[in-house]
Amino acid sequence: KKGTFKEMASWCHIPTKKIEEIAVDYNPVVCEHKKEEDAIEIRFDEVGGARWRTLQQYEMGTFSARIKCPSGNTSGLNSSFYLSSLEGDKSQDEIDFEFLGKDKGIVQTNYYTQGVGSREIIHTLGFDSSTDFHEYEIRWAPAHFIEWLIDGVVVRRVDRSEDEPFPCQPMFLYASVWNASDIDMGRWAGKYIGCDAPYICTYKDVHIPA
C-alpha cells in the first residue's frame with residue numbers, strides 16, 4: 001500500500017547519523033575503517049576481498065554513503081552496498097546496489113524477499129563510478145516503499161502491494177568487494193583479470209538510522 005502525503009512528509013524528517021563502528025565478516029586485513037577520515041576502505045588483491053556490516057539490524061530507515069569504486073581493469077569484481085536480514089541465509093530479505101566490474105558506467109539495483117530475487121534493473125550512471133565519489137542512498141519503509149537514490153535523485157521506487165511479497169525482516173547494512181567471475185559463466189560481472197590489483201573501494205560519510 002502506498003504511503004499518504006503525511007507519511008511521506010514525516011519520512012523526510014527521520015534522522016540519520018554517521019556510522020561509528022563496524023564488524024568485518026571476513027578478511028579484516030584488507031578492510032580498514034579510517035575513522036578520522038570518515039572512510040571505510042576495502043582492498044581486493046591476492047588475499048581476496050572483504051565484507052563489513054553494521055553491528056545491529058534495522059527495521060526501517062535511510063542508509064547512504066559516498067562511494068568511489070575500484071579503478072583500472074575491474075572485470076569480474078562486484079562492489080556492493082546493500083541491506084540484508086542475514087548474509088548467507090537462504091530466506092533473507094535484501095535491498096541492493098551492486099557495481100559490476102565489467103562496466104564502471106552502470107549499477108544494478110535489486111531486492112529479495114524470503115530469498116527470492118530476480119528483480120534486477122541495470123541503471124546507466126552517466127559517469128565512471130571509479131573516478132570520483134557519488135552518493136548512493138537506500139530508503140526503506142517496509143510498510144510502504146523502497147527507494148534507491150544516486151546523488152539525491154530517485155532512480156528507482158517500488159511501492160508495497162498487498163498482493164506481492166516485500167522486504168520486512170530487520171536488516172544489517174553491508175558492503176563488500178568480491179570476485180563474481182563464476183556467476184552466469186562470467187557474463188554478469190565479467191571474468192576476473194586482476195592486472196591492476198590491488199583494487200580499492202572507498203565508502204565515505206556512511207549514514208545509518210539514528
Side-chain angles (χ1 to χ4, degrees), residues 1-12 14 16 19 22-23 25-26 49-65 67 77-101 106-125 135-150 152-180 182-185 187-189 203 206-210:
K1 53 187 177 182
K2 296 182 179 180
T4 64
F5 178 79
K6 183 177 181 181
E7 288 168 336
M8 295 304 102
S10 64
W11 174 262
C12 296
I14 295 176
T16 63
I19 197 167
I22 62 171
D25 288 337
Y26 63 85
R51 182 175 69 227
W52 63 261
R53 61 173 171 82
T54 52
L55 300 183
Q56 69 180 79
Q57 293 174 309
Y58 299 88
E59 295 183 350
M60 64 181 298
T62 297
F63 307 81
S64 65
I67 303 172
L77 292 184
N78 177 305
S79 304
S80 63
F81 182 75
Y82 64 105
L83 307 178
S84 179
S85 53
L86 185 61
E87 181 62 45
D89 183 350
K90 293 183 179 180
S91 62
Q92 90 276 13
D93 286 353
E94 188 171 313
I95 305 170
D96 304 332
F97 271 116
E98 294 184 279
F99 301 89
L100 308 179
I106 63 172
V107 67
Q108 176 181 285
T109 61
N110 194 13
Y111 69 98
Y112 289 74
T113 56
Q114 293 292 315
V116 178
S118 299
R119 301 176 176 99
E120 300 92 342
I121 292 181
I122 297 290
H123 307 267
T124 300
L125 293 170
E135 185 179 55
Y136 302 88
E137 181 177 333
I138 296 169
R139 296 176 181 173
W140 171 50
H144 303 296
F145 67 91
I146 307 167
E147 289 182 338
W148 294 257
L149 296 86
I150 301 174
V153 176
V154 176
V155 297
R156 182 178 182 182
R157 178 184 169 109
V158 176
D159 289 300
R160 181 169 185 175
S161 166
E162 293 180 357
D163 302 326
E164 296 291 335
F166 204 73
C168 294
Q169 300 182 61
M171 294 199 269
F172 295 98
L173 172 66
Y174 286 93
S176 63
V177 180
W178 56 287
N179 184 349
D182 292 339
I183 305 298
D184 194 21
M185 300 177 67
R187 287 187 286 266
W188 185 48
Y203 304 82
V206 180
H207 278 71
I208 55 178

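Predicted model, so just to flag it, every value in this text is computed and none were measured.
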Considering all heavy atoms of both residues, which atom of [X] and which atom of [Y] are nearest to each other, and what is their separation?
X: I150; Y: V107; value: CD1-CG1, 4.0 Å
X: S85; Y: Q92; value: OG-CA, 3.2 Å
X: S176; Y: Y203; value: O-OH, 3.6 Å
X: L149; Y: G152; value: CD2-O, 3.7 Å
X: R156; Y: V158; value: NE-CG2, 4.0 Å

Self-check item: Chi angles and distances behind the side chain to side chain contact (heavy atoms under 4.5 Å, CB included) call for I208, T54
Solution: CA-CA 9 Å; I208 55 178; T54 52; 4.0 Å; yes
[X] [atom1] to [Y] [atom2] distance, which is reported to the nearest 0.5 Å:
X: E59; Y: Q56; atom1: CD; atom2: CD; answer: 10.0 Å
X: L173; Y: I95; atom1: CG; atom2: CD1; answer: 11.0 Å
X: R139; Y: T16; atom1: CZ; atom2: OG1; answer: 10.5 Å

Quiz prompt | Verdict with reasoning, V116 to Y111, per side chain to side chain contact (heavy atoms under 4.5 Å, CB included) | solution = CA-CA 8 Å; V116 178; Y111 69 98; over 6 Å; no
Are side-chain heavy atoms of [X] and [Y] found at a separation under 4.5 Å?
X: W188; Y: N78; answer: yes
X: I106; Y: F99; answer: no
X: E94; Y: P167; answer: no
X: T62; Y: E137; answer: yes
X: Y26; Y: W178; answer: yes
X: V206; Y: W52; answer: yes
X: D25; Y: R53; answer: yes

Quiz prompt | Result of checking N110, T113, T109 against R119 for side chain to side chain donor-acceptor pair (under 3.5 Å) | solution = T113
Keeping [X] on the side-chain end and [Y] on the backbone end, is there a donor-acceptor pair under 3.5 Å?
X: R160; Y: P142; result: yes
X: Q169; Y: S91; result: yes
X: D93; Y: Q114; result: yes
X: E98; Y: F81; result: no
X: Y174; Y: E87; result: yes
X: S80; Y: Y82; result: no

Quiz item: Is the number of heavy atoms from other residues, nucleotides or ligands under 6.0 Å of E120 CD greater than 12?
Solution: yes
Exercise. For I146 and R157, run side chain to side chain contact (heavy atoms under 4.5 Å, CB included): C-alpha distance rounded to whole Å, both residues' side-chain angles, the deciding distance at 0.1 Å, then the answer.
Key: CA-CA 6 Å; I146 307 167; R157 178 184 169 109; over 6 Å; no
Quiz item: Between F97 and Y136, does the ring centre distance come in under 6.0 Å?
Solution: yes
Quiz prompt | Ring centroid separation W140 to F145 under 6.0 Å | solution = no
Self-check item: Stepwise side chain to side chain contact (heavy atoms under 4.5 Å, CB included) check, L100 with I122
Solution: CA-CA 10 Å; L100 308 179; I122 297 290; 4.1 Å; yes
